[in-house]
Amino acid sequence: MDWLQRLLSRLFPPLHGTGFYIAIIVCLILFVALFFVIQLLPPKARKMIIVGATFFAGLFYAAEFFLPASPKPKDENFLTFAVPTVANFQNVLTAFTLGLGIYSLVRVHGSNVLKQKPNWENSVVLLGGMIVMAVAGLGWGEKSLFYRSLFRDVLANFDGAMFAILAFFIISAAYRAFRIRSAEATLLMVSALVVMLGQIPIGQFITSGLPENGSYLSLLRLDNISNWLLTTVNAPATRAISFGLGIGALAIGLRLWLSLERGAYFEAKAE
Amino acid sequence: MVWTTTLGVWVGAIGTLALFSLIYRENRFYRLFEHLFIGLAAGFLIKSTWDETLYPQWWTPMVKDGQWPWILALGLGGLFYTIYSKKHSWMSRISIGVLLGLLSGQIFQTTANEFIPQIQRSFKPLVVQAADIPQGSQLTQLGMSLNNILFMVILVCVITYFLFSFEHKNKVITGSARTGRLMLMFAFGAIFGSTVMARMALLIDRVWFLMHTWLGLG
Amino acid sequence: MDKSLAFRMQNIDRRILYIVLLAIVVIGLIFPIPLPLAISPQAQKFFDAVEKAPTNKAAIVSVVWSASTQGENRPQTEVFIRHLMSRRIRILIMAFGGDAQSVTLAQEITGDLAKEYNYEYGKDWISLGYRLDQTGTLKGALLDIVQVYKTDSKERRPLGEWPVMAGVKSLKDIGVVGEISASGAYKNWIGLVGSAMSAPLCYGPTSVMAPELYTYLDSGQIAGMMFGIKGAAEYEALLVKSGVLKKAGFTTRAITPISLALVLLFVLIGLGNWGMYAARKAEAKG
């Protein structure tokens with residue numbers, strides 16, 4: 001069962017000292033060579049590389065799931081051992097995309113500062129904030145009070161405030177836009193009213209005189225009606241939506257895996 | 001471990017007020033603190049990506065444990081940056097393809113594990129026996145039967161509403177789809193109400209910070 | 001009917017609405033209304049799952065939220081961790097999501113509570129760290145948590161060296177899992193590892209997400225749920241009832257302004273609609 005694992009550890013054994021540096025340098029040279037070689041390929045071959053890379057990356061998890069596994073509790077096949085490593089690789093590869101965002105931010109705001117465009121002072125503040133936070137975090141780390149306070153008192157509070165503003169807007173928008181003009185709007189309103197009243201103590205107080213259990217009257221308590229609406233009416237409706245979403249996600253997943261998806265990214269010529 | 005300082009709280013409070021000033025109207029004070037927030041968030045992202053992902057998962061196994069094949073991640077990750085060269089930008093699609101492939105390869109397992117139990121549990125007993133009633137439930141056999149019937153009717157009606165593969169001409173189908181749409185409104189009502197509740201909770205947290213942590217009230 | 005009054009009811013200046021809302025929140029926080037909160041079956045099930053969790057197994061607290069939703073997710077995380085600590089259950093913290101704030105916030109909360117319950121880092125609790133990609137991490141952790149995380153997040157020491165990891169090889173060795181989240185990350189737990197784990201999966205979503213989780217509660221894929229801040233307040237009430245907490249804290253206090261704000265919302269919607277119908281009626285009369 002673990003033949004692949006043994007083969008890989010023989011082919012790629014851990015190296016230390018000079019051997020390690022040689023391996024890294026050789027790999028880097030190979031990367032650079034490969035970079036220039038694949039650039040020479042015609043567009044059709046380039047597309048084949050992209051399609052192949054996508055397919056084989058997806059094949060790992062798909063095969064690991066579909067291939068028969070050993071009996072429980074082990075429940076593994078010959079690919080299972082590699083799942084943690086592939087998972088880490090996926091994490092690392094995702095992390096490498098960070099530089100794209102940071103580069104865009106620096107390019108846009110750096111240009112604002114250098115060309116002294118209107119409100120360039122804001123760009124200075126943005127770049128300064130970014131550098132201070134990164135240096136405080138990477139330099140002094142979480143053990144320094146400066147970094148902890150910068151995170152907790154400044155960043156976390158600002159983040160909370162940005163989203164809290166939505167509370168004002170949602171009240172204003174609901175008041176202006178929520179006009180009951182159709183059966184659908186009425187149902188939506190009634191549902192929102194009953195569900196929310198049933199969730200809050202002020203609403204629960206309205207029917208608090210009714211028995212909590214042991215009587216049919218308990219069914220009329222707002223908290224029970226609210227819970228009933230959520231579990232018996234809302235649950236099947238959201239389940240039906242999630243079935244639709246699930247089928248859609250499966251279709252999109254397949255199309256991405258097999259490079260059948262259309263659009264600017266997928267149909268652009270590999271030139 | 002101490003996490004806050006008086007100066008930090010003052011900066012946090014002034015920034016909170018500045019960001020709240022947007023509700024009156026767009027202003028320079030808001031813009032300044034908005035930029036500071038984005039800058040700090042970007043700085044934090046740099047710190048956390050290195051500290052939480054790249055250092056422990058890539059640098060340490062490669063350099064400290066001697067697992068040199070991890071250099072492959074640098075090669076593949078570096079291809080993302082070809083996006084800035086017109087001549088080489090096509091290569092970024094190799095790395096993007098690998099990421100998309102890894103994500104899409106999991107879709108079979110996700111779909112099977114997420115939906116099969118739900119499909120199984122959708123076939124509820126329409127005539128409930130005493131043994132089917134969960135322990136502690138206040139429902140009677142009749143009550144639970146009615147609930148189950150309603151559950152299944154709503155499920156079928158909402159699914160019908162989302163069937164776009166054919167035109168809804170048949171009366172049964174149009175009736176079912178219409179009922180499905182009305183039932184969806186109940187779900188959306190619940191979601192609307194709970195969205196408002198969520199936003200209020202965020203506001204209350206900020207008001208409490210200003211009142212309690214900053215001004216020492218309450 | 002005064003047509004201008006009806007018109008005015010439809011067009012109250014937004015700044016007046018904002019001031020009323022702010023006033024209601026401040027008043028509600030200063031003068032909480034002492035009304036009891038009914039415990040929902042979902043919060044009770046979450047509480048029961050933790051209550052029944054074996055004390056010889058570790059628990060996972062998965063955090064997928066940043067400070068932007070701390071108004072709801074912070075109290076949820078606090079009550080959950082407090083309950084685990086009161087039962088002396090070992091805690092492993094995992095952090096995911098688009099923002100790595102989750103790990104720092106969770107470490108801060110757990111560190112503060114650890115002092116109260118005499119929890120020692122590395123022996124009773126540990127922070128496994130933040131991962132950008134939840135799907136791959138969970139799949140890997142189902143086989144080998146140590147291999148996936150390698151080191152802890154605070155001290156950066158090899159994970160296998162910490163006593164808290166004794167007997168914990170994979171997610172299959174966990175007693176209870178609770179995720180506090182502001183995103184749809186529950187699908188990863190359910191879809192990738194849920195059926196392979198024996199531990200119940202409990203969920204603490206923001207209120208926005210809560211309605212969509214009832215279908216998973218019905219199918220048994222999620223064992224219990226805290227419905228946003230209201231769920232956290234219910235959990236806090238259960239902690240008070242069971243003697244873990246002496247008295248309710250800020251979470252319960254926050255329910256009054258939430259209630260008042262919701263009442264304000266419905267009053268405003270009512271006023272707007274009344275204004276609309278009154279204006280229409282007046283127009284019809286000429």
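Bear in mind the structure is a predicted one, so any value in this text is a computation, not a measurement. Reminder, nothing fancy here: chain letters follow the sequence lines and each chain counts from 1.
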Do you know which of [options] has the most heavy-atom pairs with chain A at a distance under 4.5 angstrom?
options                        : answer
Ile159(B), Ile23(B), Ile204(B) : Ile23(B)
Gln67(B), Gln118(B), Arg28(B)  : Gln118(B)
Leu22(B), Thr49(B), Val153(B)  : Thr49(B)

Could you report the tightest heavy-atom contact between [X] and [Y], atom names first, then the distance?
X         : Y         : value
Ala53(A)  : Val98(B)  : CB-CG2, 3.9 Å
Phe151(B) : Thr231(A) : CE1-O, 3.8 Å
Leu19(B)  : Phe158(A) : CD1-O, 3.6 Å
Ala42(B)  : Leu105(A) : CB-CD2, 3.6 Å
Leu100(A) : Tyr84(B)  : O-OH, 3.3 Å

Does [X] reach the main-chain N or O of [Y] with its side chain, forming a donor-acceptor pair under 3.5 Å?
X         : Y        : value
Gln39(A)  : Lys87(B) : yes
Trp68(B)  : Pro13(A) : yes
Asp153(A) : Thr5(B)  : yes
Tyr81(B)  : Gly99(A) : yes

Arg31(B)/Glu121(A) salt bridge by N-O under 4.0 Å criterion: no
Considering only heavy atoms, which portion of [X] lies under 4.5 Å from any heavy atom of chain A: side chain, backbone, both, or neither?
X         : answer
Arg121(B) : both
Phe37(B)  : both
Trp58(B)  : both
Asn147(B) : both

Contact origin within [X] toward chain B - heavy atom pairs under 4.5 Å:
X         : value
Thr85(A)  : both
Phe146(A) : neither
Ile200(A) : side chain
Met196(A) : side chain

Can you tell me how far [atom2] of [Y] sits from [atom1] of [X], rounded to the nearest 0.5 angstrom?
X         : Y         : atom1 : atom2 : answer
Met162(A) : Glu34(B)  : CE    : CD    : 5.0 Å
Leu155(B) : Thr238(A) : CG    : OG1   : 9.5 Å
Phe89(A)  : Leu99(B)  : CZ    : CG    : 8.0 Å

Tyr61(A) side chain reached by Ile107(B) side chain, heavy atoms, under 4.5 Å: no
Would you give me the side-chain donor-acceptor pairs under 3.5 Å for residues 182-203 of chain B, sequence neighbours excluded?
residue   : atom : partner   : partner atom : Å
Ser194(B) : OG   : Ala190(B) : O            : 2.9
Ser194(B) : OG   : Ile191(B) : O            : 3.0
Ser194(B) : OG   : Ser207(C) : O            : 3.2
Thr195(B) : OG1  : Ile191(B) : O            : 2.6

Sequence-distant partners of Asn148(B), side-chain hydrogen bond (donor to acceptor under 3.5 Å, both in side chains), two or more places apart: none
Derivation of the ring pair (Phe, Tyr, Trp, His ring centres under 6.0 Å) call for Phe108(B) and Trp257(A): CA-CA 11 Å; Phe108(B) 305 103; Trp257(A) 183 35; 5.6 Å; yes
Parallel, tilted or perpendicular: ring planes of Phe168(A) versus Phe20(B), cut at 30 and 60 degrees: perpendicular
